[in-house]
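A quick write-up on the structure given underneath.
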Amino acid sequence: MPGFTGWLDTPAGRVARIGSTLRLRDHFGAWKARWGIGRMSYLVPPGLYAIGEPRPEDPVVVTANYKMSFDIVRQALAGRRLWLLVLETHGINVWCAAGKGTFGTDELVGRIQATRLPEVVNHRRLILPVLGAPGVAAHLVKAQTGFTVRYATARAADLPTYLDAGMVASAQMREPTFTFRERLVLIPVELVGAIPLVLAISVVLFLAAAFGTGVFTPSAGWTAVTAFFGAVAAGVVATPLLLPWLPSRSFAVKGAFAGLIWSFLLYLLLDGASWDSTTTLAAFFCIPAVSAFYALNFTGCTPFTSISGVKKEMRISIPAMAAAVAVGALSWLTDTVIKLLS
Amino acid sequence: MKHFTYLKNVSTLNLDQGACIGCGRCIEVCPHSVFRPSGKKVAVQSRDLCMECGACARNCPSAAVRVSAGVGCASGLITEWLSEIRFFRGTRSGGC
Ligand code: SF4
Ligand code: SF4
C-alpha cells in the first residue's frame with residue numbers, strides 16, 4: 001500500500017492513514033507507467049483513506065485508483081486533514097475513466113455506501129476533480145445519497161488554493177493545461193504503442209527498397225527505413241512537442257507539416273538533387289502522410305479536441321493520406337517494373 | 001491554455017434556454033468556460049472551445065444541455081469503424 005502510515009479508528013471501522021511524501025519507489029513506478037510497463041496494474045485499492053488526522057467535519061476529496069492520480073493528490077494535500085475517497089476505475093486516470101464512465105455516478109454512490117461514509121463524516125459534501133464531471137451526475141448523487149458534489153480544480157496542485165479560497169475554483173483553475181512538459185510525458189506510451197505496426201512496415205519497406213534496384217542493395221533499404229522512422233517520429237514526437245507552433249488547427253495538417261520538414265531535411269542531408277523521381281515523390285508524399293497519421297492519433301491525448309472535430313479531420317485526411325501513399329507506391333512500382341524489363 | 005483551439009463550427013453542443021433553471025452547474029463543470037451567466041439563465045459564449053466531454057449535459061438537472069459526447073481519439077475511432085465494417089474484430093480500446 002503506497003504511503004501507508006497506520007490506522008485510524010472511525011465509527012465505520014478502521015481507515016488506512018496515508019502519508020504525503022513520495023518515495024523513490026513511487027517515482028520509479030511513475031516512470032515505468034509512463035513507458036507503458038505494467039501500466040494496467042498500476043493501481044491502489046479503492047476505498048476511504050485518511051490524510052493527517054481528519055475529524056468528522058473535515059472535507060472529503062474523491063479521486064481515481066490510478067496510482068499516479070492518487071500520489072499527486074496525496075502529495076498536494078500534505079499537512080492537511082482530509083478524507084480521500086478512492087473510486088474503482090481499474091487503474092485509469094480520472095479524465096479517461098470519466099469518459100469511459102467508470103469514474104461515474106454508480107461507482108461513486110456504491111463507494112459511499114460500501115465505505116459507510118455517512119457514518120464517518122458529519123457533513124454531506126464531496127469534492128470531485130472537475131475532469132471527473134463527464135462521468136458523474138451531481139444531482140443524481142445528491143438524490144441517491146444526500147451528498148452535494150462540488151467540482152474543484154483540474155490540477156491537484158491547485159486543490160490547496162481551492163480549499164483555502166472557500167471552495168471556489170476560478171475559470172483558470174478549471175481549465176486543464178497542456179504544457180510542454182505535460183505533452184512530453186505522454187510521448188513514451190505513444191511510442192511504445194506504435195512499435196508493432198512500425199516494425200512490420202519497416203520490414204516490408206526494407207525489402208521493397210533493397211530489391212527495388214533489381215540487385216539486392218541493403219543501403220537503399222536502410223535509407224528507406226530511416227526515412228520512415230523519421231516520419232513516425234515527426235508525428236509521434238515532434239508534433240506533440242511543437243504543437244502550439246505548428247500551423248493550422250488541424251492535427252493532420254500539423255503532422256503533415258512536421259513530416260515535410262523531415263522530407264526537406266532528408267533532401268538536404270542525402271543530396272536530394274541526385275535522387276530519381278521515385279525517391280523524390282516518396283519522400284515528399286509518403287513521409288508527410290505517415291506523420292499526419294501519427295499526429296492525428298495524438299488527438300486522443302489532448303484536453304481540448306472534440307470527437308466531432310476528430311471525425312471531420314479523419315473524413316478529409318484519411319483519403320488524402322491514402323492517396324499520397326498510393327502516389328509514392330505506384331510510382332515506385334512502375335519504376336521497378338521499367339527497370340526489371342529493361 | 002489560451003493558444004490551444006481546435007476546429008471551428010464542429011461542436012454538437014446545444015443549449016435549450018427555455019428549459020434552463022439557471023443553477024450554474026454547467027459553468028462549474030466546463031473546463032473551457034463555454035458558458036456564461038445571462039440574466040437568470042446561462043448562454044453559450046464560446047462554442048468553438050467545446051471539446052464535447054459531456055460534463056455539462058451529464059450534470060444539468062433540467063436536461064437543458066445536449067451534446068453528443070465522446071473522447072476525440074483517432075485510434076479509438078479507427079478501431080470502431082473497422083469493427084463496424086466487420087473487417088477487424090479488435091478487443092483494443094484505442095489505448096486512451
Ligand atoms: S446546468 Fe442546466 S439548468 Fe443549470 S444553468 Fe446550466 S443549462 Fe441551466
Ligand atoms: S461538453 Fe464539455 S467542453 Fe463542451 S460545453 Fe460541455 S462541459 Fe464544456
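Here is how names work: the chains are called A, B, and so on, in the same order as the sequence lines, proteins then strands, and each is numbered from 1.
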Residues A/T302, B/Y6; criterion side-chain contact (heavy atoms from CB on, under 4.5 Å); working and verdict: CA-CA 10 Å; A/T302 74; B/Y6 197 43; over 6 Å; no
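- The side chain to side chain contact (heavy atoms under 4.5 Å, CB included) test with B/E52 is passed by exactly one of A/T305, A/I307, A/V310: A/I307.
- Only the backbone of B/C50 has a heavy atom closer than 4.5 Å to any heavy atom of chain A.
- Counting heavy-atom pairs closer than 4.5 Å to chain A, the top residue among B/S11, B/A57, B/S68, B/C60 is B/C60.
- Nearest heavy-atom pair, A/W95 versus B/M51, reported as atom, atom and distance to 0.1 Å: CH2-CE, 3.5 Å.
- To the nearest 0.5 Å, the span separating CZ on A/R249 from CG on B/D48 amounts to 6.5 Å.
- Atoms CZ and CG, on B/R58 and A/L140 in that order, are 8.5 Å from each other to the nearest 0.5 Å.
- Here B/L7 is the residue among B/L7, B/N9, B/T12, B/L49 with the most heavy-atom pairs under 4.5 Å with chain A.
- Counting heavy atoms from C-beta on, the side chains of A/E175 and B/F4 never come closer than 4.5 Å.
- Within 6.0 Å of CZ in A/F257 there are 12 or fewer heavy atoms belonging to other residues, nucleotides or ligands.
- A pairwise comparison of heavy atoms in B/P31 and A/P176 identifies CB-CD, 3.6 Å as the closest pair.
- The number of heavy-atom neighbours closer than 6.0 Å to CD of A/Q172, taken from other residues, nucleotides and ligands shown, is 12 or below.
- Using a 4.5 Å cut-off on side-chain heavy atoms (C-beta onward), B/I27 and A/R174 make contact.
- For A/A154, no part lies near chain B; criterion is any non-hydrogen pair under 4.5 Å.
- Within a 6.0 Å sphere centred on CZ of A/R111, other residues, nucleotides and ligands contribute more than 12 heavy atoms.
- In this structure, no portion of A/V141 lies under 4.5 Å from any heavy atom of chain B.
- The nearest pair of heavy atoms linking A/R150 to B/R25 is CA-NH1, 4.4 Å.
- In this structure, no portion of B/C23 lies under 4.5 Å from any heavy atom of chain A.
- Neither the backbone nor the side chain of A/A169 comes within less than 4.5 Å of any heavy atom of chain B.
- Judged by distance alone, with hydrogens and angles left aside, the side-chain atoms of B/N59 form no donor-acceptor pair with the main-chain N or O of A/H139 at under 3.5 Å.
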